[in-house]
Amino acid sequence: MAFGKILVIQTAFLGDVVLTTPLFRALRRLFPSSSITLLTTPAAKPLVEEDPNLNSIITYDKKGKEGFCSVLKKVRGGNFDLAISAHKSHRTSLLMLLSGIPLRVGYRQSALGFAYNRLVHRDMSLHEVDRILA
């Protein structure tokens, strides 16, 4: 299956964003012609803005002035085919649910897990990178 536009969401801590970078590489290998976008925090953007596996970055200052509706509008306007959440927050689950993205992948243990239509087990015996790649 091919996807035109893929969104990866990782708005957790800086270290979590770094641990998500192998996912970008794996997605690029699997879907070389897809456009891959990362939704992350403004603080994390400098860590990944030169990543050759990303086509674009959307920032979301969830602790600043930018509201949830503003980022939802950005996501809905992106016309993504696939979204992958690399963490399990309530806010991300709600964003996924309201995004209009047809294929939404998240952890079975996510808050509001019903927001996803593909669930992956978050195996705590694995290293965080391997959990994200799962």
Side-chain angles (χ1 to χ4, degrees):
M1 176 177 266
F3 299 100
K5 298 180 86 178
I6 300 171
L7 177 66
V8 176
I9 302 177
Q10 179 51 281
T11 59
F13 299 105
L14 297 178
D16 296 310
V17 174
V18 171
L19 292 171
T20 305
T21 60
L23 177 61
F24 312 152
R25 192 169 39 254
L27 288 170
R28 179 60 62 210
R29 275 196 305 263
L30 286 170
F31 309 109
S33 62
S34 294
S35 175
I36 302 171
T37 298
L38 173 66
L39 173 65
T40 194
T41 63
K45 183 178 179 181
L47 295 175
V48 293
E49 63 189 347
E50 299 298 324
D51 190 309
N53 299 298
L54 294 176
N55 296 93
S56 61
I57 299 170
I58 299 171
T59 58
Y60 175 31
D61 188 2
K62 59 187 182 181
K63 295 185 179 178
K65 295 179 183 177
E66 185 173 22
F68 181 83
C69 290
S70 174
V71 76
L72 178 60
K73 185 176 179 181
K74 290 179 192 178
V75 168
R76 290 184 70 95
N79 297 311
F80 297 102
D81 305 301
L82 166 65
I84 301 169
S85 174
H87 66 121
K88 54 187 189 83
S89 78
H90 288 86
R91 188 180 338 214
T92 296
S93 296
L94 186 58
L95 181 65
M96 290 286 235
L97 181 65
L98 300 174
S99 70
I101 300 170
L103 183 56
R104 301 174 310 278
V105 180
Y107 293 117
R108 179 169 280 109
Q109 297 86 347
S110 293
L112 308 176
F114 61 87
Y116 305 95
N117 48 24
R118 296 290 187 278
L119 295 170
V120 178
H121 176 68
R122 189 167 188 262
D123 186 345
M124 296 307 291
S125 70
L126 299 175
H127 185 276
E128 182 65 14
V129 170
D130 295 319
R131 281 195 294 267
I132 293 169
L133 288 172

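Residue indices begin at 1 and follow the sequence shown. What you see is a predicted model, and the numbers here were worked out from it, not measured in a lab.
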Could you walk me through whether Ile9 and His87 pass the side-chain contact (heavy atoms from CB on, under 4.5 Å) test, one step at a time? CA-CA 8 Å; Ile9 302 177; His87 66 121; 4.3 Å; yes

Can Arg28 and Asn55 be said to form a side-chain contact (heavy atoms from CB on, under 4.5 Å), step by step? CA-CA 10 Å; Arg28 179 60 62 210; Asn55 296 93; 2.7 Å; yes

For the pair Lys74 and Glu66, evaluate side-chain contact (heavy atoms from CB on, under 4.5 Å) and give the outcome as yes or no after the intermediate values. CA-CA 12 Å; Lys74 290 179 192 178; Glu66 185 173 22; 2.7 Å; yes

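For the residue pair Met96 and Val105, the shortest heavy atom distance occurs at CE-O, 3.7 Å. Of all heavy-atom pairs spanning Ala12 and Val17, the tightest one is O-CG2, 4.5 Å. Residues Asp81 and Gly4 come closest through the heavy atom pair OD2-N, 2.9 Å. The minimum heavy-atom distance between Asn117 and Pro102, with the atom names listed, is ND2-O, 2.7 Å.
By the criterion of side-chain heavy atoms lying less than 4.5 angstrom apart, applied directly or through intervening Ile, Leu, Val, Met, Phe, Trp or Tyr residues, Leu38 is grouped together with Leu133 in one hydrophobic cluster. In the hydrophobic cluster analysis, where Ile, Leu, Val, Met, Phe, Trp and Tyr join through side-chain heavy atoms closer than 4.5 angstrom, Leu39 is grouped apart from Val18. Residues Phe31 and Ile101 are members of separate hydrophobic clusters, defined by side-chain heavy-atom contacts under 4.5 angstrom among Ile, Leu, Val, Met, Phe, Trp and Tyr. Taking hydrophobic clusters as Ile, Leu, Val, Met, Phe, Trp and Tyr residues chained together by side-chain heavy-atom distances below 4.5 Å, Val75 does not share a cluster with Ile36. Follow the hydrophobic side-chain contacts under 4.5 Å out from Leu30 and you reach Val120 in the same cluster.
In this structure, the side chain of Arg118 does not engage the main chain of Leu103 through any donor-acceptor pair within 3.5 Å. No donor-acceptor pair closer than 3.5 Å links the side chain of Lys45 to the backbone N or O of Ile57. With Arg131 contributing its side chain and Arg122 its backbone, the two residues share no donor-acceptor pair below 3.5 Å.
Put simply, OG1 on Thr40 and CG on Leu47 are 8.0 Å apart, with the number rounded to the nearest 0.5 Å. For the atom pair CG of Asn53 and CG of Leu23, the computed distance is 10.0 Å after rounding to the nearest 0.5 Å. Rounded to the nearest 0.5 Å, atoms CG (Asp16) and CD (Glu128) are 6.0 Å apart. Separating the CD1 atom in Ile132 from the NE2 atom in His127 is a distance of 9.0 Å, to the nearest 0.5 Å. For the atom pair CG of Leu82 and CZ of Phe3, the computed distance is 5.0 Å after rounding to the nearest 0.5 Å.
Side chain to side chain, Tyr116 and Ser93 meet the donor-acceptor criterion of an N or O pair below 3.5 Å.
The number of heavy atoms from other shown groups lying within 6.0 Å of NZ (Lys88) does not exceed 12.
In this structure Phe68 satisfies the side chain to side chain contact (heavy atoms under 4.5 Å, CB included) test together with Tyr60, Leu72, Arg91, Leu94, Leu95, Leu98, sequence neighbours excluded.
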